[in-house]
2 protein chains.
Amino acid sequence: MAARSYGQYCGITTAVELIGERWAMLIIRDLMVGARRYTDLQRGLPKIPSNILSTRLKELQEAGVVRRAPLYRTGLVYELTAYGRQLEPILLALGRWGFPKMGEPGPDDLVTADSLTMALRTAFRPDAAAALPAADYELHVGEVALRAQVDRSDLRIAQLAPNPALSPAAVVGDPDVVFAAGPGIRLVISGELTPAEAIDAGVVHIISGDATVLERFAETFHIDPLEARSAA
Amino acid sequence: MAARSYGQYCGITTAVELIGERWAMLIIRDLMVGARRYTDLQRGLPKIPSNILSTRLKELQEAGVVRRAPLYRTGLVYELTAYGRQLEPILLALGRWGFPKMGEPGPDDLVTADSLTMALRTAFRPDAAAALPAADYELHVGEVALRAQVDRSDLRIAQLAPNPALSPAAVVGDPDVVFAAGPGIRLVISGELTPAEAIDAGVVHIISGDATVLERFAETFHIDPLEARSAA
DNA sequence: CCGGATCCGAATCGATACTG
DNA sequence: CAGTATCGATTCGGATCCGG
């Protein structure tokens with residue numbers, strides 16, 4: 001099943017033929033967080049038809065972007081190849097580019113653990129973080145719970161819920177702050193609301209810990225809606 | 001006509017909904033070179049159905065990526081908005097990413113002026129160029145003829161043929177070298193062939209000027225097929 | 001020529017059901 | 001868990017047509 005060709009001999013065209021089909025980028029986004037089983041991908045992309053997921057995974061393997069690997073004795077996972085991982089800066093740049101156009105979530109829009117993980121990576125500013133003390137956040141959005149640990153310019157994110165099984169490693173210690181947020185959290189990321197204002201507006205709710213640490217959060221995770229940020 | 005939603009509230013998803021439809025990226029690629037009329041786009045994308053082009057242009061305007069502008073007294077062009085131009089580093093990074101998978105061109109694959117222009121931008125290495133003397137190349141690939149002027153880390157490309165009308169400005173002076181290349185030029189870009197080898201192999205043919213200037217070309221325009229290059 | 005709009009068959013996608 | 005199979009709903013592709 002050769003992909004429908006655009007009939008052009010060009011690197012951009014080739015890239016789009018490899019990863020431009022519907023759903024492909026979102027599969028790659030989830031695999032960017034870590035290896036995932038078929039059913040993990042289904043949970044993370046609830047609206048993807050099963051046959052499309054199956055087809056895309058085959059195409060992405062054919063393209064050298066994804067590979068199958070055994071898991072335990074029986075079971076298997078899909079994971080990005082080295083070539084697929086090279087898409088990371090592109091995916092992060094796309095996320096920053098799309099951020100200003102997110103608007104309000106539709107009634108059926110949901111936030112998954114993997115999409116939120118990548119959203120935090122998207123908004124992460126290593127340079128800003130390096131100038132701040134280390135911080136340890138626990139963030140709840142709907143059913144999703146993440147632990148984000150920032151140490152200098154290094155970010156590590158673990159998924160606590162709803163599916164902590166495949167998290168990279170056990171997380172030790174206690175977070176500096178535990179907070180819950182709605183979709184309005186994007187206004188904090190964009191700088192339209194300060195953390196204090198977000199708490200007052202009910203967009204963010206402190207569950208435990210030190211609310212002032214959220215100031216650091218807002219500086220560390222930020223996307224300026226107007227600024228053309230290079231993909232670096 | 002709301003784009004079919006992926007049902008996720010996420011910047012990457014939003015980006016893909018805005019520019020992920022079939023043909024959209026290639027329209028943007030051509031507009032990245034300069035403003036284009038409807039029929040220019042058709043010529044640059046010979047395989048795009050007219051109704052798809054029309055639909056995409058409407059969607060991209062709706063998305064704030066493209067805008068219509070008057071041209072002369074009658075006539076009109078499509079051009080990227082500032083928001084659309086922010087895609088440039090992403091598009092260039094995608095071109096670099098896809099480059100190693102280009103393989104041999106299919107029998108129906110063609111090279112257009114805009115795709116070749118963007119391919120040169122994709123492969124351009126400002127740092128390498130800055131360390132070299134200025135150079136002025138005239139490159140022919142099939143019917144397409146480009147003039148690429150490199151001065152320090154600055155690259156300017158003008159389209160001489162087949163459609164020089166919309167080129168940004170008249171090009172003055174004579175190029176250092178005029179050469180014709182086939183698709184095998186990618187082996188020079190990748191470093192698999194030196195310019196001398198490419199000439200011997202018939203991949204590159206010197207029409208006039210100094211063949212040794214091609215050494216500079218190979219250093220200036222280069223994509224390492226293995227190296228994971230950041231999108232910066 | 002320019003800038004599309006319209007029509008229609010072919011291919012893909014989406015939803016659901018089903019299976020080793 | 002990891003997919004196929006089926007089938008109606010959409011979209012795409014190719015061609016033609018039309019007003020300026």
Side-chain angles (χ1 to χ4, degrees), chain A residues 1-8 13 16-27 30-31 35-62 66-79 108 163 165-166, chain B residues 1-8 13 16-27 30-31 35-62 66-79 106 108 162-163 165-166:
Chain A
M1 154 183 322
R4 289 172 294 173
S5 167
Y6 290 100
Q8 305 212 342
T13 304
V16 172
E17 286 176 355
L18 292 177
I19 57 170
E21 298 287 308
R22 202 164 159 69
W23 290 105
M25 279 293 218
L26 302 189
I27 293 170
D30 283 11
L31 293 180
R36 294 287 181 265
R37 289 174 301 186
Y38 191 89
T39 42
D40 295 329
L41 290 168
Q42 284 189 309
R43 259 198 306 266
L45 303 165
K47 294 188 64 175
I48 194 174
S50 167
N51 55 347
I52 298 295
L53 177 56
S54 174
T55 302
R56 289 294 170 271
L57 287 171
K58 274 178 213 146
E59 292 166 352
L60 291 172
Q61 287 173 78
E62 179 69 20
V66 165
R67 140 183 74 219
R68 289 160 63 124
L71 177 68
Y72 313 130
R73 186 145 295 283
T74 174
L76 81 113
V77 289
Y78 293 90
E79 63 186 13
D108 297 348
N163 182 29
L166 288 174
Chain B
M1 149 181 330
R4 290 172 293 172
S5 168
Y6 290 100
Q8 305 211 344
T13 304
V16 172
E17 286 175 355
L18 292 177
I19 57 169
E21 298 286 310
R22 199 164 161 70
W23 290 105
M25 279 294 223
L26 301 188
I27 294 169
D30 282 12
L31 293 179
R36 293 288 180 264
R37 290 174 301 183
Y38 190 89
T39 41
D40 295 330
L41 291 169
Q42 285 189 309
R43 259 197 305 267
L45 303 165
K47 294 188 64 174
I48 193 173
S50 163
N51 56 346
I52 298 294
L53 176 56
S54 174
T55 302
R56 290 293 171 272
L57 286 170
K58 274 179 213 147
E59 291 166 354
L60 290 172
Q61 285 172 78
E62 179 70 19
V66 164
R67 136 183 81 219
R68 288 160 62 122
L71 177 69
Y72 313 130
R73 185 146 297 283
T74 174
L76 83 112
V77 289
Y78 293 90
E79 62 186 13
D108 297 349
N163 182 30
L166 288 173

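Letters A, B, ... are given to chains in the order of the sequence lines, protein chains preceding strands, and every chain is numbered from 1.
Separating the CG atom of A:D108 from the P atom of C:dA15 is a distance of 11 Å, rounded to the nearest angstrom. If you take NZ of B:K47 and P of D:dG14, they are 6 Å apart, rounded to a whole angstrom. Atoms CG (B:L45) and C1' (D:dG14) sit 16 Å apart, rounded to a whole Å. D:dG3 atom P lies 12 Å from atom CD1 of A:I27, rounded to whole Å. Regarding A:R56, its CZ atom lies at a distance of 8 Å from the C1' atom of C:dC13, rounded to whole Å. Rounded to an integer number of Å, the gap from A:I52 CD1 to D:dG3 P is 15 Å. C:dT12 atom P lies 13 Å from atom CD of A:E17, rounded to whole Å. The CD1-P distance, from B:I48 to C:dA5, rounds to 14 Å in whole Å.
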Short heteroatom pairs, N/O only, protein and nucleotides 6-8 of chain D, under 3.5 Å:
unit_1 : atom_1 : unit_2 : atom_2 : d
D:dT6  : O4     : A:N51  : ND2    : 3.4

What N/O pairs connect the protein and nucleotides 2-4 of chain C at under 3.5 Å? Give each pair on its own line.
unit_1 : atom_1 : unit_2 : atom_2 : d
C:dG3  : OP1    : B:L76  : N      : 3.2
C:dG3  : OP1    : B:L76  : O      : 3.1
C:dG3  : OP2    : B:Y38  : N      : 3.4
C:dG3  : OP2    : B:T39  : OG1    : 3.4
C:dG4  : OP1    : B:R68  : NH1    : 3.2
C:dG4  : OP2    : B:R68  : NH1    : 3.4
C:dG4  : OP2    : B:Y78  : OH     : 2.3

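Side chain of A:R56 to main chain of A:R22: a donor-acceptor pair is present (N/O by atom type, distance under 3.5 Å, no hydrogens or angles). Panel note: side chain B:Q8, backbone A:G44; a donor-acceptor pair is recorded below 3.5 Å. The backbone N or O of B:L57 sits less than 3.5 Å from a side-chain atom of B:Q61, completing a donor-acceptor pair. Without hydrogens or angle criteria, B:Y38 side chain to B:S50 main chain gives a donor-acceptor distance under 3.5 Å.
Atom CD in A:E59 sits 12.5 Å away from atom CD1 in A:I19 (nearest 0.5 Å). Atom CG in A:L41 sits 11.0 Å away from atom CG in A:L26 (nearest 0.5 Å).
Between B:W23 and D:dC12 there is no side-chain N or O to OP1 or OP2 distance below 4.0 Å. Contact annotation: A:R22 side-chain N/O to C:dG14 OP1/OP2 distance is under 4.0 Å.
Pairing each heavy atom of B:K47 with each of B:W23, the nearest pair is O-CZ2, 3.5 Å. For the residue pair B:R37 and B:L76, the shortest heavy atom distance occurs at CG-O, 3.2 Å.
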Please lay out, stage by stage, how B:E79 and B:L31 fare under the test side chain to side chain contact (heavy atoms under 4.5 Å, CB included). CA-CA 6 Å; B:E79 62 186 13; B:L31 293 179; 5.9 Å; no

